[in-house]
Amino acid sequence: MRSGNHSGFWDTPKDFVLLGISDRPWLELPVFVVLLVSYILAMLGNISIILVSQLDPQLQSPMYIFLSHLSFLDLCYTTTTVPQMLFNMGSSQKTISYGGCTVQYAIFHWLGCTECIVLAAMALDRYVAICEPLRYAIIMHRPLCQQLVGVAWLSGFSNSLVQVILTVQLPFCGRQVLNNFFCEVPAMIKLSCADTTANDATLAVLVAFFVLVPLALILLSYGFIARAVMRIQSSRGRRKAFGTCSSHLLVVSLFYLPAIYMYLQPPSSYSQEQGKFISLFYSIITPTLNPFIYTLRNKDVKGALRRLLARTGRLCGR
């Protein structure tokens, strides 16, 4: 039951306790090692994708413009949360300041919503490439790609700003303990001791707009793509067309399935115990896997990486 005697807007808590897996101390060392290795792989993988997309002349198509932004998003995504998680696992206090918590969930939701729209833009790019190949260069020109990316970043920031404005006004009573690895809006709403009806409704509307609408556009694009691929006569042509989309489809699945589970339920029924492990998955596992998915399934990226490594080796050998 929520109390009516709670702190006002200006009486904000000093810090929050992030429980993580402190109730399972035997798990802390293995999870710490997995997080550290995953973070290093995520950094190396996403930085490599950004470098080859920017430096290799053969990777200047719109697809790789979007891919470099996706890698940058994943790079920021992991850096927003993982260092704090690693620090807390090596500390006995496991706290984060109120300001640090606010910055963390603000950036986290900004990046998450931006990634939803970037993934939808990538689906549009694949639709035009397969269904309108002769007009691809005309339709998906560089200024349009830059505009789509700009809309994605601005929309994500707008969503985050609304969430922050509503969430910082929530009062928190008693000991501020988050049963999570990092700060997220649903967990903050669940922790508040005030009426959160407005927060619940706003979160539901924004999630429907920023998650379901891009997902609907992705599914619609792939519906048209599937119809176009089935019309291709040769099996080799169908495999090639499918190969250009399979990496993106896998990335979309890894990103959207946990997000749908997390955010398409009202915060009042939000389970922090389940939510913290799902949060762990899409905050570190997905950004770690994305560059490997695109590298292992994309001949152009693999070739660009080999050329970059060869150039680096020649420079080091001088």
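All heavy atoms count here, side chains included; hydrogens, waters and symmetry mates do not. Every value quoted in this text rests on a predicted model; they were computed, and no experiment measured them.
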Quiz item: Is Val168 reachable from Leu206 through a run of hydrophobic residues whose side-chain heavy atoms are each under 4.5 Å from the next?
Solution: no
Self-check item: Backbone N/O of Ala42 and side chain of Asp74: donor-acceptor pair under 3.5 Å
Solution: no
Self-check item: salt bridge (charged side-chain N to carboxylate O under 4.0 Å, His left out) partners of Arg227, counting only residues at least two apart
Solution: none
Quiz item: According to a 4.5 Å side-chain heavy-atom criterion applied to Ile, Leu, Val, Met, Phe, Trp and Tyr, with indirect links allowed, do Leu144 and Ile218 form part of one hydrophobic cluster?
Solution: yes
Self-check item: Pairwise distance OG1(Thr202) to CD1(Ile165) - rounded to 0.5 angstrom
Solution: 11.0 Å
Quiz prompt | Spacing of Ile284 atom CD1 and Leu289 atom CG [to the nearest 0.5 Å] | solution = 9.5 Å
Quiz prompt | Any pair counted as ring-ring contact (aromatic ring centres under 6.0 Å, His included), so long as it reaches residues 186-214, sequence neighbours left out | solution = none
Self-check item: Flag side-chain contact, heavy atom, 4.5 Å: Leu41 against Phe292
Solution: yes
Quiz item: Looking only at heavy atoms, what is the nearest atom pair of Pro214 and Cys116, with distance?
Solution: CB-O, 3.6 Å
Quiz prompt | Within one Ile-Leu-Val-Met-Phe-Trp-Tyr cluster: Leu86 and Ile40, side-chain cutoff 4.5 Å | solution = yes
Quiz prompt | Transitive ILVMFWY side-chain link Val103 to Leu73, under 4.5 Å | solution = yes
Quiz prompt | Which atom of Ala228 lies closest to which atom of Cys131, heavy atoms considered | solution = CB-SG, 3.8 Å
Quiz item: Please, which pairs that meet side-chain hydrogen bond (donor to acceptor under 3.5 Å, both in side chains) have at least one residue in residues 25-45, sequence neighbours excluded?
Solution: Glu28-Lys94, Tyr39-Thr79
Exercise. Nearest 0.5 Å please: distance from the CG atom of Leu75 over to the OG1 atom of Thr80.
Key: 9.5 Å
Quiz item: Sub-3.5 Å donor-acceptor pair from the side chain of Gln54 to the main-chain atoms of Ile49, do we have one?
Solution: no
Self-check item: Which atom of Asn46 lies closest to which atom of Pro287, heavy atoms considered
Solution: ND2-O, 3.1 Å
Quiz prompt | ILVMFWY cluster, Val151 and Phe66 together (side-chain gap under 4.5 Å) | solution = no
Quiz item: So, for Val229 and Ile130, which heavy atoms are closest and what is the spacing to 0.1 Å?
Solution: CG2-CG2, 4.3 Å
Quiz item: Under the 3.5 angstrom rule, does the side chain of Ser68 hit a backbone N or O of Ile65 as a donor-acceptor pair?
Solution: yes
Quiz item: Crowded around Tyr136 OH? As in, over 12 foreign heavy atoms under 6.0 Å?
Solution: yes
Quiz item: So, His109 side chain and Val185 main chain: donor-acceptor pair closer than 3.5 Å or not?
Solution: yes
Exercise. Quick one: sort the Phe182 and Phe108 rings into parallel, tilted or perpendicular, breaks at 30° and 60°.
Key: tilted
Self-check item: Separation between OG of Ser158 and CD of Gln163, rounded to the nearest 0.5 Å
Solution: 12.0 Å
Quiz item: Which of parallel (below 30°), tilted (30 to 60°) and perpendicular (above 60°) describes Phe157 and Trp110?
Solution: perpendicular
Quiz item: Measuring from Met122:CE to Tyr64:OH, what's the distance to the nearest 0.5 Å?
Solution: 9.5 Å
Self-check item: Candidate pair Leu178 and Met188, rule side chain to side chain contact (heavy atoms under 4.5 Å, CB included), full reasoning
Solution: CA-CA 8 Å; Leu178 281 170; Met188 300 296 287; 3.8 Å; yes
Quiz item: Could you walk me through whether Leu35 and Phe181 pass the side chain to side chain contact (heavy atoms under 4.5 Å, CB included) check?
Solution: CA-CA 12 Å; Leu35 280 177; Phe181 292 96; 5.6 Å; no
Self-check item: Nearest-0.5 Å distance, OH of residue Tyr127 to CD1 of residue Ile139
Solution: 8.0 Å
